[in-house]
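In what follows, a single structure is set out as structure tokens and then discussed.
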Amino acid sequence: MSLNQLMTVVKNAEILPTIFQLEMSPFNPQRDIQDYCNTGQIVIINSEPICKGIRDRHPVLLDISQRLNISTEQVLFRWSIAQGYVTYIPANAPTLGLDPQVLVGDASSGPLPLDILRLLDELGEDEELLTTWAPIVEEDG
């Protein structure tokens, strides 16, 4: 869903939404939607924090993973939490060989350091990375 579509939903809603579920990752941060939700007090639920496992070999993720001694999936999961999203443990985690308890980590692992968050933020938007299908097409005008 695009920002314009979300704004249309909010504008026409009889009951204002308080949560919004979508796919967020460092590769597809959708910052415009994030900013809108933050100002409108809408909680974002991240439905695909680990990108369905299709970016687990990305060089930046591999570098961060090695530096922190955690998996690339843990890096993505912690990025999502650092953004303030309600973060799902993906249903496909077991098929990817991920233990949900390991994915979340323990309290001693702590949040991602700021320099790591900056590296992830630099990945920017990569529309080819969307792993969900958005069938809504916006009309011009």
Side-chain angles (χ1 to χ4, degrees), residues 1-140:
M1 179 177 280
S2 71
L3 176 59
N4 287 338
Q5 292 165 334
L6 175 58
M7 290 171 67
T8 300
V9 167
V10 169
K11 178 182 170 186
N12 296 313
E14 289 183 29
I15 299 173
L16 293 177
T18 56
I19 60 172
F20 183 57
Q21 179 179 325
L22 71 160
E23 174 184 349
M24 304 288 268
S25 78
F27 302 100
N28 184 33
Q30 303 186 64
R31 288 182 183 96
D32 56 345
I33 292 176
Q34 180 182 16
D35 292 343
Y36 181 79
C37 288
N38 287 343
T39 59
Q41 298 180 341
I42 299 172
V43 174
I44 294 175
I45 297 177
N46 188 357
S47 62
E48 283 297 336
I50 62 169
C51 309
K52 293 187 179 174
I54 61 175
R55 281 291 195 194
D56 60 347
R57 306 306 301 163
H58 189 280
V60 172
L61 289 180
L62 287 171
D63 177 56
I64 292 169
S65 163
Q66 290 170 353
R67 285 171 51 185
L68 299 178
N69 197 29
I70 60 176
S71 71
T72 55
E73 292 86 1
Q74 287 173 306
V75 172
L76 290 169
F77 197 82
R78 291 185 189 172
W79 174 87
S80 180
I81 292 170
Q83 302 307 307
Y85 306 141
V86 173
T87 304
Y88 279 166
I89 294 175
N92 65 335
T95 62
L96 295 171
L98 301 172
D99 177 343
Q101 300 241 339
V102 172
L103 186 61
V104 174
D106 60 29
S108 67
S109 58
L112 291 175
L114 286 177
D115 63 321
I116 299 296
L117 289 171
R118 282 189 205 103
L119 276 175
L120 292 168
D121 285 343
E122 290 173 6
L123 293 175
E125 296 192 21
D126 179 356
E127 292 192 27
E128 293 179 24
L129 185 62
L130 287 175
T131 60
T132 55
W133 181 55
I136 300 171
V137 177
E138 290 188 48
E139 296 178 16
D140 292 333

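Side-chain atoms are counted along with the backbone in the values below, which use heavy atoms only and exclude waters and symmetry mates.
- For L117 against A82, the heavy-atom pair with the smallest separation is CD2-CB, 3.8 Å.
- Atom-to-atom distance recorded for L61:CG and L120:CG is 6.5 Å, nearest 0.5 angstrom.
- Atom CG of residue L76 and atom CZ of residue R78 lie 11.5 Å apart, to the nearest 0.5 angstrom.
- Side-chain contact between R67 and D115: present, with at least one pair of heavy atoms (C-beta onward) separated by less than 4.5 Å.
- The CD1 atom of I33 sits 10.5 Å away from atom CD1 of I42, with the distance rounded to the nearest 0.5 Å.
- Counting non-hydrogen atoms of neighbouring residues, nucleotides and ligands closer than 6.0 angstrom, the CG atom of N12 exceeds 12 such neighbours.
- Q83 is listed as a side-chain neighbour of Q34, based on a closest heavy-atom distance under 4.5 Å.
- A distance of 7.5 Å separates CG in L22 from OH in Y85, rounded to the nearest 0.5 Å.
- Considering only heavy atoms from C-beta on, V10 comes within 4.5 Å of L16 through its side chain.
- By the 4.5 Å heavy-atom criterion applied to side chains, Q41 and T18 are not counted as neighbours.
- Under the 4.5 Å side-chain criterion, counting only non-hydrogen atoms from C-beta, C37 is in contact with L6.
- Separating the CG atom in D32 from the OG atom in S2 is a distance of 8.0 Å, to the nearest 0.5 Å.
- Between the side chain of S65 and the backbone N or O of I70 there is at least one donor-acceptor pair closer than 3.5 Å.
- For the pair T87 and F77, the tightest heavy-atom approach, listed with the atom from each and the gap, is CG2-CE1, 3.5 Å.
- D35 and R31 are not joined by a salt bridge, as no carboxylate oxygen comes within less than 4.0 angstrom of a charged side-chain nitrogen.
- Across every non-hydrogen atom of P49 and S47, the tightest pair is CD-C, 3.6 Å.
- Of all heavy-atom pairs between N46 and E48, the closest is OD1-N, 3.2 Å.
- Within the model, atoms CG of D121 and CD1 of I116 stand 11.5 Å from one another, a figure rounded to the nearest 0.5 Å.
- Each of I44, I45, V86 was compared with I19 under the side-chain contact (heavy atoms from CB on, under 4.5 Å) criterion, and only I45 meets it.
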